[in-house]
Structure formats: C-alpha cells, structure tokens
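First comes the structure, then the notes that go with it.
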Amino acid sequence: MITGSARLDAIPRYEPGLTSAEVAERYGLERVVKLASNESPHGPLAAVAGAIAAAATGLNRYPDGSARALRAVLADLHGVDASQVIVGNGSGELILMAGQALLDPGTTVVYAAPSFALYAPLASASGAEGIAVPLDDSGLHDLDAMAADVDERTRLVIVCNPNNPTGAYIGADRLTSFLDGLPDDLPVLIDEAYNDFVTAPDRGRMMSLARQRPNLLVTRTFSKAHGLPGLRVGYGVGGAGWIDALNRVRPPFNSSSLAQVAALEALRHLTDLETRVRQTISERERVANVLATMKLAFTPSHGNFILMRTSRDGADVPSLHERLLRRGIIVRNGASLGVPGRMRVSIGTPEENDAFLAALAAEIA
Ligand code: PMP
C-alpha cells in the first residue's frame with residue numbers, strides 16, 4: 001500500500017473525458033460522436049501518417065534528445081534562434097516542467113480559473129500555492145486582479161489565451177499592458193494551445209513579443225489544429241533563461257522520434273492545415289448561430305470549442321450532458337471543468353456538429 005505525502009494528497013487528479021469506446025459500451029451504441037476533448041475531427045494528413053510509418057523502422061534508436069531538426073524549423077517559423085525553442089511531450093509537459101523548475105514551497109503561481117486543469121496540480125506538485133483568480137463575467141482573465149495578486153512570493157504567472165474552457169481571447173494590446181505592469185524578471189507563461197483558431201488580427205503578437213522579452217514563454221501544441229494529440233508534441237518559445245530552466249528538468253528523450261518526424265512533416269503542409277482550420281472556424285460560427293437561434297447562451301469562442309448554457313433560462317441542467325451521452329454525443333460536462341450550468345462542446349466535422357445540434361434540439365424541446 002502506497003501512502004501519499006500531504007503534498008501528494010493535495011494534487012488534484014486530472015479527469016480526462018470519457019472515450020468513445022466507454023460510451024458505446026455503457027449505452028450499447030454503434031455510433032458515438034466525441035466532442036469532448038477539443039480534438040481535431042480529422043486524422044493526421046496523409047503525408048504526416050506516411051512519415052510516421054516510414055520512421056517506425058528506426059525505432060531501435062533513441063530519438064534526438066534535443067529535437068534539433070524540429071527546433072530549427074520552429075525557430076525559422078517564428079523568427080527566433082533555435083536556442084529559444086524547446087520541444088515537449090505535448091505542451092502540457094512544458095507547463096508541468098515550468099512548475100518543477102520555478103516553484104518551491106512558499107512561492108506562488110498566479111493563473112485564472114476556470115482555466116486549463118493542469119495549472120492547479122502544477123502548484124500543489126511543487127508544494128507551492130496556486131492563486132486561482134476568477135474570470136470576469138465575459139469569461140476573460142481578470143488581468144487587473146491577477147496583477148494585484150502578484151507579490152514577492154510569485155514565481156510564475158500563467159495566461160491561457162484563448163482560454164479553455166471559455167474560448168475567450170485577450171487582445172494583444174491588453175495583454176501587453178498587463179505584462180508591462182509586471183516585474184521584468186517574473187516568468188510569464190502564455191499557453192496558446194488554441195492559437196490557430198483565433199480570428200483576431202493581432203493573433204501571434206505574443207510570439208513576436210517573446211523575441212524581445214526574456215521573461216516570456218509562449219507554448220503551442222500539435223495536439224489541436226494539427227490533429228496529433230495521440231503523438232504528444234508541443235513546443236515553447238522563450239528567453240534563454242526560460243529555456244535553460246526548462247531544459248534542466250526536461251527528461252532526456254522526452255519527445256519521441258515519431259513525434260519529431262510527424263511535427264516536421266506537419267510543418268511542411270501549413271496550407272492544408274489552414275484549410276482544416278478554416279473549416280473548423282466556419283463550423284464554430286455555424287454552431288454558434290444555431291445555439292443563438294435556440295436561445296441557448298454561450299461565450300463567443302476563439303477556440304475549437306464552445307462553452308454554452310445547459311438551459312434557456314440559465315438554470316443548471318446537469319442531466320443534459322448525460323442525456324446527450326445516451327444519444328451517443330459526448331460533450332464535456334461543465335461541472336467537471338469548474339463551470340456548473342454549462343457544457344463545453346468541441347467543433348467536429350459538419351456531420352458531427354449536425355448530430356450534436358439535432359440531439360440538443362431533441363433534448364431541449
Ligand atoms: N493548454 C491548454 C489550454 C489545453 O487545453 C491543453 C489540452 N487540452 C493543453 C495545453 C495541453 O495539450 P498538449 O499537452 O496535448 O499539447
């Protein structure tokens with residue numbers, strides 16, 4: 001029997017959504033539409049799948065532990081030196097590494113809530129204090145309140161933009177003035193997992209800022225728009241101090257050779273990616289319009305998902321999620337994300353979205 005330390009007991013468990021197989025088995029369904037984990041509805045591009053298959057024959061060798069080739073291409077893409085890029089086993093690993101590298105007991109990390117579920121465990125895993133600052137009414141980070149919570153104990157600030165689960169996006173001007181108000185040497189991590197789905201013209205400005213401000217680390221992932229969450233590959237771009245800190249705690253060979261090869265190939269097909277992203281954005285607008293017609297309130301989203309109310313009058317209807325499950329539609333129950341009374345639906349193919357909207361209409365009627 002393993003007994004946890006008080007610190008271990010304090011680490012919240014990460015609860016992934018149900019798999020399609022679990023739902024199919026539980027309700028005896030043949031077809032299940034999974035719109036619960038903000039995944040791409042598309043498998044990897046054929047060229048990417050081909051590159052993965054071809055690289056399989058080399059799996060008797062360890063990967064390049066520092067992902068040199070991938071870092072070089074990412075550096076080119078973002079106009080930085082390769083020494084400013086780090087590759088992770090998903091961007092989630094980089095976020096956890098930031099906690100490991102920077103936090104100690106007695107220090108604090110400031111982030112928004114509700115936001116991505118990895119930030120709270122990051123604090124407790126290091127015995128640090130997580131300061132979760134409530135979002136404002138429009139689902140945006142309350143940057144003034146976050147700045148007010150920064151003190152001499154603070155070692156890390158995390159901003160999730162667009163925010164998961166609300167999809168709200170903080171404009172670059174607003175975010176820059178927030179950064180201006182923080183100490184120059186306070187590490188700030190901007191989690192841009194959903195950046196590809198942002199339509200605002202200032203999208204990507206934080207990445208440019210990461211070239212100039214050594215206290216910034218911007219993380220991105222191949223798990224969302226690129227459709228490769230099964231491979232686990234993400235990256236961070238930041239100042240030399242950031243990259244050095246993360247490299248000290250980075251496990252050797254943290255990114256697999258297949259992940260590196262796939263990410264490199266994916267970056268050779270950015271036009272195909274753009275086409276897929278455009279479809280997701282247009283489907284996001286279509287789903288939003290139907291929700292508006294159904295008089296179900298939602299937060300305007302810059303991600304590949306929408307956070308919506310579970311009833312027209314705003315009352316919490318937790319059973320809606322369960323009833324959709326019985327119809328073979330998996331969405332994320334808001335209560336599990338810290339937003340009771342709401343549910344988060346990922347944007348799928350047009351057919352999947354139609355199936356969701358039809359099931360929703362039947363349940364709401
Ligand atoms: N950041 C945010 C905001 C996310 O929603 C996710 C995944 N759901 C991640 C980071 C981590 O993604 P990955 O580790 O697959 O790159």
Side-chain angles (χ1 to χ4, degrees), residues 12-19 34-41 44 67 70 74 85-100 109 111-122 132 135 139-141 156-170 175 188-198 203 206-207 217-237 246 250-251 254-256 258-260 262-263 266-267 280 299 301-307 330-334 336-339 344-347:
R13 286 190 182 82
Y14 181 83
E15 302 284 355
L18 290 172
T19 65
K34 184 173 179 231
L35 300 172
S37 300
N38 301 344
E39 296 155 331
S40 168
L70 177 55
L74 290 167
V85 182
I86 185 165
V87 172
N89 193 262
S91 60
E93 187 195 35
L94 297 173
I95 297 167
L96 289 174
M97 276 165 32
Q100 234 185 312
V109 47
Y111 50 85
S115 191
F116 182 39
L118 212 57
Y119 309 148
L122 170 100
L135 298 175
L140 279 169
H141 285 47
L156 175 63
V157 173
I158 303 177
V159 175
C160 184
N161 200 34
N163 188 45
N164 176 12
T166 59
Y169 173 74
I170 311 162
L175 201 43
V188 179
L189 188 156
I190 305 192
D191 178 348
E192 293 194 340
Y194 299 99
N195 171 75
D196 293 282
F197 306 103
V198 173
R203 172 171 90 98
M206 285 306 120
M207 193 57 102
L217 181 85
V218 177
T219 57
R220 300 253 179 108
T221 183
F222 286 84
S223 295
K224 304 298 174 185
H226 285 281
L228 294 168
L231 263 189
R232 317 301 305 124
V233 54
Y235 64 98
V237 173
L246 296 182
R250 182 173 64 82
N254 64 319
S255 102
S256 77
L258 298 188
Q260 293 178 34
L267 292 169
T280 298
T299 311
S301 174
H302 283 265
N304 61 344
F305 55 88
I306 296 179
L307 185 71
I330 319 180
V331 301
R332 199 74 193 255
N333 182 9
S336 71
L337 300 169
V339 272
R344 191 192 65 194
V345 57
S346 307
I347 303 300

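Hydrogens, waters and symmetry mates play no part in the numbers below; they use all other heavy atoms, side chains included. The first residue in the sequence is number 1, and the count goes up from there. Order of listing sets the numbers, starting from 1, for every ligand and every atom in it.
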If we ignore hydrogens and angles and just use 3.5 Å, is the side chain of S37 paired with the main-chain N or O of E39 as donor and acceptor?
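A pair under 3.5 Å: no.
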Which protein heavy atom lies closest to atom 1 (N) of ligand 1, and at what distance to 0.1 Å?
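For this ligand atom, the closest protein heavy atom is D191 OD2, 2.6 Å.
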Atom 6 (C) of ligand 1: which protein heavy atom is closest, and how many Å away?
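Atom 6 (C) of ligand 1 sits closest to the protein heavy atom F116 CZ, 3.3 Å.
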Donor + acceptor pair across side chains of [X], [Y] (<3.5 Å):
| X | Y | value |
| --- | --- | --- |
| T280 | N304 | no |
| N163 | T166 | yes |
| N164 | R344 | yes |

Check residues 93-100 and write down every donor-acceptor pair under 3.5 Å in which the side-chain atom is one partner and the other belongs to a residue at least two apart or another chain.
| unit_1 | atom_1 | unit_2 | atom_2 | d |
| --- | --- | --- | --- | --- |
| E93 | OE1 | N89 | N | 2.7 |
| E93 | OE1 | N254 | ND2 | 2.8 |

Name the orientation class of the two ring planes belonging to H302 and Y169 (parallel below 30°, tilted from 30 to 60°, perpendicular beyond 60°).
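Because their plane-to-plane angle lies in the 30° to 60° range, the rings of H302 and Y169 count as tilted.
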Could you tell me, atom by atom, which parts of ligand 1 come under 4.0 Å of a heavy atom of [X]?
| X | result |
| --- | --- |
| C160 | 3 (C) |
| S223 | 13 (P), 15 (O), 16 (O) |
| A193 | 1 (N), 2 (C), 10 (C) |
| K224 | 7 (C), 8 (N) |
| G92 | 11 (C), 13 (P), 14 (O), 16 (O) |

Please work out which of E39, R220, E192, R232 has its closest non-hydrogen atom nearest to atom 14 (O) of ligand 1.
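The option holding the nearest heavy atom is R232.
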Judged on heavy-atom distance to atom 5 (O) of ligand 1, which of Y235, Y194, F305 sits nearest?
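Considering heavy atoms of Y235, Y194, F305, the nearest to atom 5 (O) of ligand 1 sits in Y194.
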Quick check: does S91 get an N/O under 3.5 Å from an N/O on ligand 1?
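It does: an N or O of S91 is found under 3.5 Å from an N or O of ligand 1.
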Under 3.5 Å between some N or O of ligand 1 and some N or O of N89?
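For ligand 1, there is no N or O atom that lies under 3.5 Å from one belonging to N89.
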Any heavy atom of N38 sitting closer than 4.0 Å to ligand 1?
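It does not; every heavy atom stays at 4.0 Å or beyond.
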Between C160 and S115, what is the shortest heavy-atom contact and its length?
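Heavy atoms of C160 and S115 come nearest at CB-OG, 3.3 Å.
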Applying side chain to side chain contact (heavy atoms under 4.5 Å, CB included), can you list everything that pairs with A225, at least two apart in sequence or on another chain?
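Side chain to side chain contact (heavy atoms under 4.5 Å, CB included) check on A225 returns D196, F197, L273, V277.
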